[in-house]
Amino acid sequence: MTEASPAGWAGRVAVVTGGSRGIGRAVATRFAERGAHVLLTSRKAEAVAAAAESLAGDVVGVAAHVADEAAARSCLTQARERWGRVDVLVNNVGVNPHLGPILEVDRARWDKIFEINVWAPLMWTRQAVEAGLGHTEGAAVVNVSSNLSFAAGSPSGAYGASKAALNYLTQQLAVELAPSVRVNAVAPGVVDTDMAAMLVAQGERLTRQWPVPRFGATADIADVVEFLAGPQSSWLTGQILVVDGGARLVSSTDLVEAAAQ
């Protein structure tokens with residue numbers, strides 16, 4: 001997908017949360033390369049400004065905490081006022097502040113995980129609809145989930161539970177927003193980002209059993225987000241696509257042990 005520009009992207013307006021680094025930045029870059037207008041967000045003003053400035057195309061960076069409802073409304077209103085429409089929302093931001101048995105997670109961390117990973121995607125989607133998402137053909141929401149949402153036993157159980165909730169939310173919104181907005185999710189495995197640095201440091205010890213024995217690149221996820229948000233998936237909604245090199249198809253013992261170190 002990275003070699004040619006599929007039809008149907010020029011002039012579209014996309015909003016990407018957490019777009020200053022990692023998967024979000026790769027997605028924002030891809031959309032801009034395709035000719036879309038892009039508004040990307042990040043909690044830190046300097047980071048989002050630098051990211052937007054570094055990308056080619058019509059890209060705007062806005063500082064916004066993903067759980068701040070007023071900030072979400074402002075971002076989506078800015079996109080609509082600047083470009084006249086909102087076509088795509090990518091709910092990318094996720095947090096995992098607790099590593100260990102789920103029985104040991106405290107209320108503050110639990111609340112933060114579910115606020116950022118579940119409430120925020122719902123709230124941003126609602127704000128996007130109020131800003132006009134669904135008024136143009138091909139409107140789409142893409143949520144970033146995790147392959148851990150399908151497998152118990154991880155030391156990131158609270159995170160996995162929140163992403164499982166996000167999967168259900170994706171399907172519920174696909175029904176409620178039909179037929180004007182398609183809603184899908186991508187569920188990455190271990191991607192080489194700052195968030196996964198501890199796992200990536202394990203190297204072949206972690207990847208050796210996987211059918212595709214390497215860590216994911218942010219471009220791998222951008223490929224799938226582009227597909228889910230674009231016209232090539234026009235008959236696809238309510239789906240969660242796992243992109244993890246087949247990791248969840250084999251034993252998760254190495255993943256659990258590596259993450260616990």
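We're numbering straight along the sequence, starting at 1.
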Hydrophobic cluster membership, Val224 vs Val144, 4.5 Å side-chain cutoff: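 Shared cluster, yes.
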
Joint cluster assignment, Val13 & Val88, ILVMFWY side-chain distance < 4.5 Å: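 Result: no, two separate clusters.
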
Ring-face cation of Arg85 near Trp83 (centre distance under 6.0 Å, axis angle within 45°):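 The answer is no; the distance or angle limit is not met.
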
Whether [X] side chain and [Y] backbone form a donor-acceptor pair below 3.5 Å:
X	Y	answer
Asp244	Arg248	yes
Ser180	Leu177	yes
Ser74	Ala70	no
Arg182	Ser233	yes
Asp192	Ala217	no
Asn143	Ala185	no
Asn92	Gly19	no
Trp124	Val66	yes

Test applied, side-chain contact (heavy atoms from CB on, under 4.5 Å); reference residue, Val15; option that passes from Leu40, Val141, Asp87, Leu89: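 Exactly one candidate clears the test, Leu89.
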
Pairing of Arg214 and Glu204 as salt bridge, 4.0 angstrom limit: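 Looking at Arg214 and Glu204, the cut-off is not met.
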
Parallel, tilted or perpendicular: ring planes of Phe215 versus Trp210, cut at 30 and 60 degrees: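 Taking Trp210 first and then Phe215, their aromatic rings stand perpendicular (interplane angle over 60°).
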
For Ser149 against Ala164, the heavy-atom pair lying closest together: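 For Ser149 versus Ala164, the nearest heavy atoms are CB-N, 3.5 Å.
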
Shortest non-hydrogen contact from Lys163 toward Ser145: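 Shortest heavy-atom separation between Lys163 and Ser145 comes out as O-OG, 3.5 Å.
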
All side chain to side chain contact (heavy atoms under 4.5 Å, CB included) counterparts of Ala174, not counting sequence neighbours: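 Result, side chain to side chain contact (heavy atoms under 4.5 Å, CB included) vs Ala174: Val183, Thr237.
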
Scan the side chains in residues 41-53 for donor-acceptor partners under 3.5 Å anywhere in the protein, sequence neighbours excluded, and list what turns up.
from, atom 1, to, atom 2, distance (Å)
Thr41, OG1, Gly18, N, 3.3
Ser42, OG, Ser20, OG, 3.2

Test side-chain contact (heavy atoms from CB on, under 4.5 Å) applied to Arg30 and Glu33, step by step: CA-CA 5 Å; Arg30 181 67 58 79; Glu33 289 173 348; 4.1 Å; yes

Trace of the ring pair (Phe, Tyr, Trp, His ring centres under 6.0 Å) decision for Trp9 with Phe31: CA-CA 8 Å; Trp9 278 98; Phe31 288 171; 4.8 Å; yes

Arg73 atom CZ, over 12 foreign heavy atoms within 6.0 Å: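 Enclosed.
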
